[in-house]
Amino acid sequence: MESNLKTNINEEILNIEKIRNDFPILKQLIHNKPLCYLDNAASTQKPQIVIDTINNFYSTTNSNIHRGVHYLSEKSTQAFENARIKVKDFINAKSEKEIIFTSGTTASINLVAQSFGRKYLNEDDEIIVTTMEHHSNIVPWQLLCDEKNANLKVVKINDIGELLLDSLNDLISEKTKLISVMHVSNTLGTINPIKEIIKIAHQNNVPVLLDAAQSIQHIEIDVQELDCDFLAFSGHKIYGPTGIGILYGKENLLDEMPPFMGGGDMISKVTFEETTFNELPFKFEAGTSNIAGAIGLGAAIDYVKSIGIENIKEYETNLLNAATDAVKEIPGIKIIGNAKEKTSVLSFVIDNIHPHDIGTFLDFEGVAIRTGHHCTQPLMDFFKIPATSRASFAFYNTLEEVEQLTIALKKTIEVFN
Ligand code: PLP
């Protein structure tokens, strides 16, 4: 399909043909149409190198880590710990001790809630989140607050989907024990002003947890420069496998925090009278980790680095702008989320057509988008809508696919009207 879209996308930024060849799943026809995968905010596709790395691990190296003296166990341990170093370097953490392997963003946030939260939260204390948070950055805090008789406070947003920082200034007090905020909104695409949030928080001696589930794959992250206290992300959203994720925490904070789960690997010595715990990061990695997942994530990070996160950001921004311009022109469509700073997410509603019908119709055109509340029901309540349709972009998407989306949307409107 030839694209008629007039954009400033510079084909020199990325070699898209080569990149698309790296992702075997993209070669498929769906309902006899070329697959146009625009559900990247839910999960990204995997390049061949990630698939091969996992395959190779199970074919040649598989063994449990840390406790074995035999060859395969040592090789496995080396590969696993090497993946930790790759993550550390990728986000510029000071030390590998600050990198905890979890099963994903949700698990990472729950770890902080159950370890840091249980230790430091007292009755009437407060945790601050925002209106646009994903349920996984709301419910863990509600559970904690219920247990501790503490309170959850919410930073408001405006009608275009930007945080109202004044509202943060009003909420923060000596009762605030943590601010937990998303870097990029999975529903609106808003890039939040996290540097400012962290500055305000630290002026008040409050630590900040950054939910980077939707930013790690689009924006360069340097935890030392940001000075965030915790950071959480999922492997599957950055072209790696499912079931693996990261909690970054500053070493002094993690050191003081009690273990979250008990079991093998996280102990130093166990007797029936007393258990002492392993050092960081193992203190927080009870049981057998997702070894293949961690190694696969390491390969995904290498791949992303080989393309360059700055190139990815520039290319995806151009793609989002082109899609926004094209979709805006279609009568009856309203975009939800028009923040000045956005990345890779285009949410919209169409007059008189339910998002699920839009999603189903688009699927028959080969276009995969997500419809629903996107695990952000309080945000849906704010906009007084039950759901949106969401197209979300990755660097393997093309202008032709933006056009495939817009043609399919026009067809949908024609059919339903
Ligand atoms: N936070 C945000 C902003 C998300 O978009 C998601 C997933 O969509 C999550 C948290 C939860 O991620 P996971 O399900 O991988 O734990």
Side-chain angles (χ1 to χ4, degrees), residues 1-11 13-47 186-187 189 217-218 237 239 312 314-337 342-351 353-372 374 387-417:
M1 202 187 300
E2 272 298 304
S3 171
N4 299 317
L5 292 167
K6 300 251 181 305
T7 80
N8 59 348
I9 285 197
N10 181 355
E11 292 298 324
I13 300 173
L14 298 179
N15 184 346
I16 288 302
E17 205 182 320
K18 181 176 174 301
I19 284 172
R20 286 184 70 84
N21 268 330
D22 292 337
F23 290 81
I25 204 169
L26 299 178
K27 297 191 176 89
Q28 289 180 79
L29 294 182
I30 302 285
H31 304 304
N32 271 329
K33 306 272 167 55
L35 167 63
C36 171
Y37 185 78
L38 300 179
D39 193 18
N40 295 288
S43 201
T44 52
Q45 300 302 349
K46 317 307 167 201
N186 60 312
T187 304
Q217 65 282 52
H218 303 299
K237 293 191 199 274
Y239 313 99
I312 290 173
E314 190 179 350
Y315 181 85
E316 289 176 344
T317 303
N318 288 337
L319 214 50
L320 177 70
N321 290 343
T324 306
D325 288 347
V327 167
K328 250 198 222 152
E329 293 298 309
I330 305 174
I333 295 196
K334 184 179 167 203
I335 294 174
I336 305 293
K342 273 185 73 169
T343 186
S344 292
V345 170
L346 184 61
S347 253
F348 54 89
V349 290
I350 306 183
D351 292 342
I353 313 179
H354 194 279
H356 290 323
D357 290 333
I358 300 168
T360 306
F361 195 91
L362 259 57
D363 181 51
F364 281 105
E365 297 297 315
V367 181
I369 61 160
R370 185 140 301 236
T371 60
H374 315 297
T388 76
S389 301
R390 179 186 73 185
S392 52
F393 304 94
F395 59 81
Y396 43 61
N397 290 127
T398 63
L399 278 179
E400 285 74 17
E401 290 181 314
V402 169
E403 189 151 28
Q404 194 177 342
L405 167 72
T406 45
I407 290 170
L409 284 172
K410 285 177 188 162
K411 245 185 173 171
T412 311
I413 293 172
E414 243 174 67
V415 168
F416 279 88
N417 288 336

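Keep in mind the model is a prediction, meaning the values are calculated, not measured. For reference, positions follow the sequence shown, starting with 1.
- A side-chain donor-acceptor contact under 3.5 Å links Lys237 to the backbone of Ala41.
- Atom OG in Ser344 sits 9.5 Å away from atom CD1 in Ile312 (nearest 0.5 Å).
- Proximity of a side-chain donor or acceptor of Asn397 to a complementary backbone N or O of Tyr37 within less than 3.5 Å is detected.
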Inset, instruction - Test side chain to side chain contact (heavy atoms under 4.5 Å, CB included) on Asp363 and His31 and set out the steps. - result: CA-CA 8 Å; Asp363 181 51; His31 304 304; 2.9 Å; yes
Legend entry - side chain to side chain contact (heavy atoms under 4.5 Å, CB included) between Ile330 and Lys410, worked out: CA-CA 7 Å; Ile330 305 174; Lys410 285 177 188 162; 4.0 Å; yes
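- The side chain to side chain contact (heavy atoms under 4.5 Å, CB included) search around Asp351 returns none, not counting sequence neighbours.
- Considering only heavy atoms from C-beta on, Leu362 comes within 4.5 Å of Leu405 through its side chain.
- For Lys342 and Glu316, the salt-bridge test fails: no basic side-chain N is under 4.0 Å from an acidic carboxylate O.
- In this structure, OG1 on Thr44 lies 15.5 Å from CZ on Phe393, to the nearest 0.5 angstrom.
- Within 6.0 Å of CZ in Arg390 there are more than 12 heavy atoms belonging to other residues, nucleotides or ligands.
- Counted within 6.0 Å of NZ on Lys27, heavy atoms from surrounding residues, nucleotides or ligands total more than 12; the atom is thus considered enclosed.
- In this structure, Leu29 and Leu35 have side chains that are not in contact, with every pair of non-hydrogen atoms separated by 4.5 Å or more.
- Nearest heavy atoms, Ala322 versus Leu399: CB-CD2, 3.7 Å.
- Taking CZ of Phe348 as the reference point, atom CD1 of Ile333 lies at 5.5 Å (rounded to 0.5 Å).
- Aromatic ring centres of Phe395 and Tyr239 lie closer together than 6.0 Å.
- Val402 is not listed as a side-chain neighbour of Leu38, based on a closest heavy-atom distance of 4.5 Å or more.
- Rounding to the nearest 0.5 Å places OG of Ser347 at 12.0 Å from CZ of Arg370.
- Residues Leu320 and Val345 have side chains not in contact (no heavy-atom distance under 4.5 Å, counting atoms from C-beta outward).
- Atom CG of Asn32 sits in a sparse spot, with 12 or fewer heavy atoms from other residues, nucleotides or ligands closer than 6.0 Å.
- Expressed to the nearest 0.5 Å, how far CG of Leu346 lies from OG1 of Thr324 amounts to 5.0 Å.
- Proximity of Tyr396 to Asn40: side-chain heavy atoms (C-beta onward) are separated by under 4.5 Å at one or more points.
- Although no hydrogens or angles enter the test, the distance criterion places a donor-acceptor pair under 3.5 Å between the side chain of His354 and the main chain of His356.
- In this structure, the salt bridge (Lys or Arg N to Asp or Glu O under 4.0 Å) partners of Lys411, at least two apart in sequence or on a different chain, are Glu365.
- Put simply, the side chain of Gln404 reaches to within 4.5 Å of the side chain of Val367, judged on heavy atoms.
- Side chains of Leu26 and Gln28 form no contact here, defined as non-hydrogen atoms less than 4.5 Å apart.
- Side chain of Glu401 to main chain of Thr398: a donor-acceptor pair is present (N/O by atom type, distance under 3.5 Å, no hydrogens or angles).
- When each of Thr388, Asn417, Ile358 is tested with Ile350 by the rule side chain to side chain contact (heavy atoms under 4.5 Å, CB included), just one qualifies, namely Ile358.
- Side-chain atoms of Lys334 do not come within 3.5 Å of backbone N or O of Gly332 as any donor-acceptor pair.
- Shown here for Leu319 and Ala394, the closest heavy-atom pair between the two residues is CD2-O, 3.8 Å.
- Between Thr371 and Ser389, the shortest heavy-atom contact is CG2-OG, 3.8 Å.
- Residues Val415 and Phe361 meet the side-chain proximity criterion, which asks for heavy atoms closer than 4.5 Å.
- One finds the SG atom of Cys36 at 10.5 Å from the CD1 atom of Ile407 (value rounded to the nearest 0.5 Å).
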Legend entry - Ile16 vs Tyr315, side chain to side chain contact (heavy atoms under 4.5 Å, CB included): CA-CA, chis, key distance, verdict: CA-CA 10 Å; Ile16 288 302; Tyr315 181 85; 3.4 Å; yes
